[in-house]
Amino acid sequence: MAFDWEDHKSYMTVKRQKLQDQLEDVEGDGKIFSGVTIYVNGYTKPDADTLKEIICKHGGGYSYALTSRVSHVIATNLPTAKIKALSINSSKVCHPDWILDSVNAGSLLPTEKYELYSVSSKSQRKISFSPTAKKEAGPEDPPTKKDRSFVDEFYSHSRLHHLSTWASELKEFTSKNLPRAKRKFSMLSSGESLRRFGVKGVVHLDLDSFFVSVGLRDRPGLHGQPVAVTHARNKEGEADTTEVVGVSLHQSMSDVASCSYEARDFGIRNGMSVGEAINLCPSLTFIPYEFEKYHAVSQTLYETVITYSHLVEPVSCDEVFIEFSDYVTSWEELGDIVKSLRSEIEEKTGCKVSAGFSHNLLLARLATRKAKPNGQFHLSEEEVEGYLKETPVASLPGIGRKMKEELSKMGVSNCGELREVSLPKLREVFGPKTGYTLYCFARGIDNRDLTTKKERKSISVEINYGMRFEQISEAESLLTQLSEELQSRALDTGVLGSSISLKLKIRQKTAPQETKKYLGHGRCDNISRSQQLHIPTNDSGDISRVAISLLKQLSPNPSDIRGMGIALNKLSSSVKGSPVKGGKMADIRTLMTSSPGKRSPASKRSLGSVLKSERGGEEGASVSVMREERVEYQNTAAGDGCTSFESAMLDLPPASQLDQSVLLALPSDLQEEVFDSYSKRQDKERVTLEPVSTEPSLANPLFPPSLSSLSNGNPERFLNETRTHIKAWVALYPAGPKERDSTIFIQFLISLIDLNALEIVSLSLKCFHRVVQSITNEKWREAYARVVAVIQDEVLMRYNGHLSIPP
DNA sequence: ATCCTCCCCTAC
DNA sequence: TAAGGTAGGGGAGGAT
């Protein structure tokens, strides 16, 4: 599974040596690349300069920009075959080995085997159907085109991703361990504690310039110097750096993630580009990220903090609130505890901590400003007024760039001035809630209680970096990867979602194709769309199917996509770490017995100018029909008691007891369908390679379903079960179906439509049709016709397409 | 009024 | 090169 980079390296070394020999041999007489002009995209091995040298030496051309004279784009290891930083019309995208091998061969080799995005390279991408069937990747697999996961590669380097991950982790750690942590102090009686005055004692702890502190801890030589943490690096002070960065740091767009206080004196700020920073301070030293160390430090921070109080509110990996109301009798006493807490943390982690404390969350936080660096500060009741007066509004929590700007238009820059603005005025400008908060905060009023645990409301995955697609199928493929990532997180967190939403960043019409920051997203419009599910899920197959369907609804121009994200909302809990699959039948039962959720009609939202095409207007008619239909069956679903179809579901024998005989008893054509659908399912690669619909605004109505989430991922078993229910149902009511059963069946099919499992819907209807035919009862036929009509409408509404079902 | 969806903003 | 994630609060505007 793991790619052997060592081997690859030596392979490359040999190759380069050979190449060198060739170069010496040929020296000018080679015209291997005549007529070829290359453009090198991104990082390649060998690098662009080497390739340029080679290509020119052998009669080819080299271009610094992707112009029309470029015949071949050269790229290595663009993290996945889906990501392209290129918008290419006719030129081929090839691996640099094409050049090396051609030189070695002494002639221009066909590009076929070297094209990065060819069908053959894509089909290597497998979703292992059975976990036991390990990677089929043979040893002869060309090591040069390894399809490493872009998602993993990106996340492992993303500081923001780490920040978020650690924050959630620490929130979970706190809520789990806080109640049973051993405390250093015991609580005082309510008569003695600070609380007796009705006063809270809140401490806000914050590690000083977190990343830099950790870096400096192990680099004593850099203490007292301007230092910044970034991906872009020079060789200063680092044992592990051997090369000088090719591009001057002066023009690096890499972010400064964290900088020392000495660096701040030069005007350097977190989030600045390395280029800007080095202009402000040419002697600035750059040190690399050390994510593991940061992680360990924050873990220690939290382990320590929870031994001090039972009231701890996590903020982030380097920031936390602690309430001491029940442990101290005076502010002086609290000051002492804070001091020892700070020194304990510094001792354990080697990092300096600052602390602000006061009688509410807001003021404690504001006090920390004055405490930094490496200090502590008590903001007392009496000082609040004066302190706030001079506090810039931007340091109030919740006021960022936009709000600061908005306030400044009103002539407000500090809290003193903010107080001059009336409550009605603030509400008018910022809305009722925000206005009120602003009004309170300007006066130091904050009645929030410290929250030790908060329930998670959503879980999401998104990447807004390095997204460059040519084909929509590449975007879909990335969504599949994101879905897998999301599944794995949902599994870890133990949640299921009943709503899936897709978020896209789309290049603004007026924004340039080439972003200022390398592979950045540039100026974008954000659009999103969500889909409610009747069955909560955490299955990546379900998620990706829905996400892809949402993508089709938004139908962006693939080359304008600059970012994508998927979120799971309306969470419920599942058993942690156990895949949904086992519990899925239970979910289906829930579905079958619960009343239908409220559903929104296919609303016509303007998706703005970013959309290539809008959907046709004639769909409006079917929407209203659909709504009437919906009302009808919602009303009839009001009765209670177990009906036959329902009970058939509930009495379902364990799947393991459904034997072959059930299947074999079916008409043979149905059996075939069952198996067909199963075998189709296995050829997932083929499916993903299907040509993209020529109508980008329409989803394919027969989009292949993944059954992995149903009946333990066993589709034929699932269909068997469905068929069994239908048979039992029909047999029980020879005179005609119970209305409610029809309703339940419809709901059930609609939930499959939610998951885009249209093929299964179709097959289920076929089952129904067949059983009904054998009964030849007018009522049943009517029921069948009605079910078909409702489902057809539903599909029509969602996809503006049609479902092929039996007459 | 209240809810829902989409979107923006903020924080680390 | 560079790695611009993620959760939550809240507002606008439409549907109910």
Side-chain angles (χ1 to χ4, degrees), chain A residues 41-44 47-48 79 83 85 150-168 170-171 206-207 210-211 230-233 245-249 251-255 257-258 270-271 273-274 289 298 314-320 365 394 396-406 427 430-437 454-467 485 489 499 501-503 505 515-522 524-532 562-563 565 567 569-570 598-601 603-608 627:
Chain A
N41 176 267
Y43 229 16
T44 53
D47 62 22
I83 310 306
F150 169 68
V151 173
D152 289 348
E153 182 70 10
F154 173 75
Y155 280 136
S156 70
H157 290 95
S158 163
R159 70 181 192 284
L160 292 171
H161 164 71
H162 282 107
L163 246 34
S164 294
T165 313
W166 296 331
S168 331
L170 292 164
K171 273 166 197 166
D206 197 336
L207 292 173
F210 185 32
F211 290 1
T230 173
H231 279 301
R233 302 258 316 293
V245 173
V247 183
S248 157
L249 285 176
Q251 53 217 55
S252 167
M253 287 299 292
S254 180
D255 274 6
S258 173
N270 292 351
S273 75
V274 165
Y289 288 94
S298 52
V315 179
S316 70
C317 60
D318 68 340
E319 201 180 325
V320 62
R365 178 168 232 150
L396 292 176
I399 300 192
R401 206 170 51 88
K402 295 282 183 184
M403 279 232 254
K404 181 190 168 170
E405 213 169 282
E406 197 64 32
R427 297 237 237 210
F430 298 102
K433 208 134 177 178
T434 312
Y436 181 67
T437 311
K454 258 189 250 162
E455 206 167 337
R456 180 191 272 277
K457 292 183 177 145
S458 70
I459 184 163
S460 64
V461 176
E462 91 186 70
I463 298 183
N464 300 308
Y465 178 83
M467 298 268 151
E485 176 66 23
R489 293 189 203 176
S499 167
S501 70
L502 175 73
K503 210 168 91 173
K505 265 196 181 327
T515 52
K516 205 162 147 209
K517 188 191 187 84
Y518 178 69
L519 289 182
H521 56 58
C524 284
D525 291 317
N526 302 303
I527 53 176
S528 71
R529 189 115 158 169
S530 55
Q531 167 75 54
Q532 304 305 119
R562 290 288 179 275
N569 292 298
K570 307 221 167 90
K598 277 189 231 155
R599 307 189 35 75
S600 64
S603 53
K604 298 249 65 214
R605 275 174 283 268
S606 164
L607 296 172
R627 244 186 266 149

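To find a chain, count down the sequence lines: A is the first, B the second, and so on, and within it residues start at 1.
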Legend entry - Within-4.5 Å side-chain heavy-atom neighbours: A:L163 and A:S316: no
Legend entry - Sugar-phosphate, base or nothing in reach of A:G271, heavy atoms under 4.0 Å: nothing
Legend entry - Length of the CZ-P vector between A:F150 and C:dG5, whole Å: 9 Å
Legend entry - Distance test, side-chain N/O of A:S316 to OP1/OP2 of B:dA11, below 4.0 Å: no
Inset, instruction - Output the distance between atom SG (A:C317) and atom CG (A:L207), rounded to the nearest 0.5 Å. - result: 8.0 Å
Inset, instruction - Could you work out which one of B:dT10, B:dC7, B:dC6 sits closest to the side chain of A:I527? - result: B:dC7
Legend entry - Atom-pair distance (CG on A:N569; P on B:dC3), nearest Å: 17 Å
Inset, instruction - Can you tell me the distance, in whole Å, between the CG atom of A:D525 and the P atom of B:dC9? - result: 12 Å
Inset, instruction - Could you tell me the separation between the NZ atom of A:K505 and the C1' atom of C:dA3, rounded to a whole number of Å? - result: 16 Å
Inset, instruction - Mind calculating the distance between NZ (A:K517) and P (C:dA2) to the nearest angstrom? - result: 7 Å
Inset, instruction - Heavy atoms only: give me the nearest A:R365-A:E319 pair and the separation to one decimal. - result: NH2-OE2, 2.9 Å
Could you tabulate the donor-acceptor pairs under 3.5 Å formed by side-chain atoms of residues 460-467 of chain A, not counting sequence neighbours?
from	atom 1	to	atom 2	distance (Å)
A:E462	OE1	A:K503	NZ	3.2
A:E462	OE2	A:N464	ND2	3.0
A:E462	OE2	A:K503	NZ	3.2
A:Y465	OH	A:Y518	O	3.2

Legend entry - Options C:dA3, B:dT5, B:dC12, nucleotide nearest the side-chain atoms of A:S158: C:dA3
Inset, instruction - Looking at every strand, decide which applies to A:R427 at a 4.0 Å heavy-atom threshold: base, sugar-phosphate, or nothing. - result: nothing
Inset, instruction - Tell me what A:L502 touches on the nucleic acid: a base, only sugar-phosphate, or nothing, going by heavy atoms under 4.0 Å. - result: nothing
Inset, instruction - Sugar-phosphate means primed atoms, P, OP1 and OP2; the rest is base. With that split, encode nucleotides 6-11 of chain C 5' to 3' as B, S or - using protein heavy atoms under 4.0 Å. - result: BSSSSS
Inset, instruction - Examine B:dC6: is either OP1 or OP2 under 4.0 Å from a nitrogen or oxygen in the side chain of A:S501? Give yes or no. - result: no
Legend entry - Between C:dA2 (P) and A:R159 (CZ): distance, integer Å: 12 Å
Inset, instruction - Using atom types as modelled and distance alone, determine if a side-chain donor or acceptor of A:K404 lies under 3.5 Å from a backbone N or O of A:A394. - result: no
Legend entry - Candidates B:dC9, C:dA3, B:dC12 - which lies nearest the side chain of A:D255: C:dA3
Legend entry - For A:D255 against A:G271, the heavy-atom pair lying closest together: OD1-O, 3.8 Å
Inset, instruction - Quick one: pull up NE2 in A:H231 and CE in A:M253 and give me the separation to the nearest 0.5 Å. - result: 14.5 Å
Legend entry - Residue-phosphate contact under 4.0 Å: A:Q532 side-chain N/O, B:dT5 OP1/OP2: yes
Inset, instruction - Nearest whole angstrom, please: distance from the C1' of C:dA2 to the NZ of A:K516. - result: 16 Å
Legend entry - Spacing between A:F210 atom CZ and B:dA11 atom C1', to the nearest angstrom: 16 Å
Legend entry - Aromatic ring of A:H162 stacked on base six-ring of C:dG5, 5.5 Å, 30°: no
Inset, instruction - Check whether any side-chain N or O of A:S528 sits under 4.0 Å from OP1 or OP2 of B:dT5, and answer yes or no. - result: no
Legend entry - Point-to-point distance, once rounded to the nearest 0.5 Å, from CZ of A:F211 to CZ of A:R159: 7.5 Å
